[in-house]
J.: 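Please find one structure pasted underneath; my questions will follow.
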There are 2 protein chains.
Amino acid sequence: MSETPPLREALIQAGIGLLAEGGPATLTLRQAALRAGVSHAAPAHHFNGLPGLLTAIAARAFDTFAQTLQTARDGAGDDPRARLHGICQGYLTFAAAHAGLFHLMFTAPEVDRRDPTLEPAAELSYQILQQACRPFATHADDRLEVAVWSMVHGYAALGFCTPTPPRPMAKPPEFSDLLNELLQT
Amino acid sequence: MSETPPLREALIQAGIGLLAEGGPATLTLRQAALRAGVSHAAPAHHFNGLPGLLTAIAARAFDTFAQTLQTARDGAGDDPRARLHGICQGYLTFAAAHAGLFHLMFTAPEVDRRDPTLEPAAELSYQILQQACRPFATHADDRLEVAVWSMVHGYAALGFCTPTPPRPMAKPPEFSDLLNELLQT
DNA sequence: CGCGCCAACTTGACAGTGTCAAGCTGATCT
DNA sequence: AGATCAGCTTGACACTGTCAAGTTGGCGCG
């Protein structure tokens with residue numbers, strides 16, 4: 001099929017580096033181009049403007065996200081409950097370790113989240129969680145998956161999994177306790 | 001005490017209007033100043049740059065957010081379960097109706113979320129949810145509040161409460177079912 | 001009363017940003 | 001050998017936030 005141009009890959013990597021080192025404010029087209037050693041207008045030939053670069057980075061982030069969930073699940077043994085806990089822990093670890101990418105994937109307004117390149121990895125991530133939830137479902141619909149997904153995402157988004165938790169909360173409860181509350185026993 | 005200058009208020013209202021009408025990209029210092037009828041550098045005398053304006057808008061948003069939760073709770077009757085459901089529904093309604101403000105309050109990276117002006121209303125919002133959760137707590141710690149908070153916030157952040165839900169999900173489950181799952185009837 | 005003061009605001013400038021139009025260049029194909 | 005064209009550069013433009021200096025109007029004080 002199509003071979004990805006090297007500059008496109010270099011720009012994505014430069015963007016990821018900028019995001020990790022300097023935060024979202026330093027992730028600009030011109031900075032990425034500078035870091036990749038090309039002129040300031042070169043990125044326009046590989047991405048549809050800044051939103052295009054951000055979307056491409058988000059797609060890449062979803063790839064490693066799905067991979068993280070998968071290895072977290074496989075490293076948790078065979079017990080269904082342990083596997084689900086492992087996946088959630090992977091979710092939270094990823095969110096804490098790659099806050100910039102996490103924000104890009106789910107909440108950055110510049111990212112076009114219905115871009116078809118996002119879909120495969122995002123869909124895979126969802127299916128991993130979905131399958132791990134299936135043994136615990138007590139209803140025919142998908143309410144349990146959505147409950148777990150919402151809870152783990154909210155826990156991450158609200159910052160409970162970062163070293164600096166929000167609000168005047170001395171020590172936030174472990175997510176595993178929250179999950180057990182939902183799985184009832 | 002201190003009387004808030006009229007221009008400061010006008011700039012906040014202009015910013016809220018810009019955010020609602022044109023999204024986060026159109027919310028700039030210069031546009032807010034233009035809408036308020038002052039020169040482009042006037043906002044600097046009332047806010048600490050653009051982050052200062054965004055933080056002030058977030059503080060205002062937390063005010064109306066706390067008020068929304070309160071009225072949603074009081075309009076749900078006396079049953080503790082109905083009150084908690086009402087609060088969560090208020091949470092989701094606010095997130096869907098004021099997506100821009102919601103994003104500013106919780107996830108916009110430019111907002112200084114440890115600003116002391118944020119604290120009162122944010123703290124009040126949390127206490128409203130905390131008190132409503134108390135009748136259902138089965139443990140001494142605050143795990144249930146955090147579980148509910150995480151779940152409702154994640155449900156909102158993932159977009160399940162908007163008319164256009166994420167992912168290829170035909171019809172997302174109602175949040176009330178998710179909450180009942182957590183409260184185990 | 002006059003005078004200074006000072007907060008609020010304006011004007012002007014600067015660096016940085018995304019984006020577009022035009023031009024260059026080197027490899028590929030006929 | 002010559003045309004083609006994707007990939008990149010150069011240059012320009014409008015827009016952004018931010019700073020420095022100047023203006024103004026009202027207030028208190030000698």
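Below, read A as the first sequence line, B as the second, and so on, with proteins coming before strands; counting in each chain starts at 1.
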J.: Ring-plane angle category for A:Phe65 and A:Phe106, please: parallel below 30°, perpendicular beyond 60°, tilted otherwise.
T.: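 Geometry flag for A:Phe106 against A:Phe65: perpendicular rings.
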J.: I need the residues from residues 45-57 of chain A with at least one non-hydrogen atom less than 4.0 Å from DNA chain D; give them sorted by number, or say none.
T.: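 The answer is A:His45, A:His46.
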J.: Please list, by residue number, the residues of residues 6-27 of chain A whose heavy atoms come closer than 4.0 Å to an atom of DNA chain C; answer none if no residue qualifies.
T.: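 Per residue number, the list is empty: none.
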J.: If the plane angle is over 60° it's perpendicular, under 30° parallel, otherwise tilted; pick one for B:Tyr126 and B:Trp149.
T.: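 It falls in the tilted class, 30° to 60°.
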J.: List in chain and number order the residues that pass side-chain contact (heavy atoms from CB on, under 4.5 Å) with B:Ala99, two or more places apart in sequence or in another chain; answer none if no residue qualifies.
T.: none
J.: Given A:Phe47, which of A:Ile12, A:Leu29, A:Leu54 fulfils the side chain to side chain contact (heavy atoms under 4.5 Å, CB included) condition?
T.: A:Ile12
J.: Starting from the C-alpha separation in whole Å, work towards a yes-or-no answer on side-chain hydrogen bond (donor to acceptor under 3.5 Å, both in side chains) for A:Gln131 and A:Gln127.
T.: CA-CA 6 Å; A:Gln131 287 182 10; A:Gln127 284 178 357; 5.2 Å; no
J.: Can you list everything that forms a side-chain contact (heavy atoms from CB on, under 4.5 Å) with B:Ala36? Sequence neighbours excluded, please.
T.: B:Leu7, B:Ala10, B:Leu11, B:Val38
J.: Between B:Asp141 and B:Arg143, is the salt bridge (charged side-chain N to carboxylate O under 4.0 Å, His left out) condition met? List the steps.
T.: CA-CA 6 Å; B:Asp141 60 9; B:Arg143 73 180 62 177; 3.1 Å; yes
J.: Could you tell me the separation between the CE atom of A:Met151 and the CG atom of A:Leu178, rounded to the nearest 0.5 Å?
T.: 5.0 Å
J.: For the residue pair A:Phe94 and A:His98, is the inter-centroid distance of their aromatic rings smaller than 6.0 Å?
T.: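 Between A:His98 and A:Phe94, which both carry aromatic rings, the centre distance is below 6.0 Å.
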J.: Check whether more than 12 heavy atoms from other residues, nucleotides or ligands sit under 6.0 Å from atom CG of B:Asp79, and answer yes or no.
T.: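 More than 12 heavy atoms, drawn from other residues, nucleotides or ligands, come within 6.0 Å of this atom.
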J.: Please round to the nearest 0.5 Å and tell me the distance separating atom CG of A:Leu144 and atom CD of A:Gln130.
T.: 11.0 Å
J.: 5'-most contact on DNA chain C: B:Pro5 or A:Ala44, nearest heavy atom basis?
T.: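 Taking each residue's closest nucleotide, the earlier one in sequence belongs to B:Pro5.
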J.: For chain A and DNA chain C, what are the first and last nucleotides along the strand, 5' to 3', with at least one atom under 4.0 angstrom from a heavy atom of the protein chain?
T.: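 Under 4.0 Å from chain A, the extent on DNA chain C is C:dT17 to C:dC20.
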J.: For A:Leu92 and A:Ala156, which heavy atoms make the closest approach, and how far apart are they?
T.: CD2-CB, 3.8 Å
J.: What are the residues of residues 28-41 of chain B, sorted by number, that bring a heavy atom to within less than 4.0 Å of DNA chain C?
T.: B:Arg30, B:Val38, B:Ser39, B:His40, B:Ala41
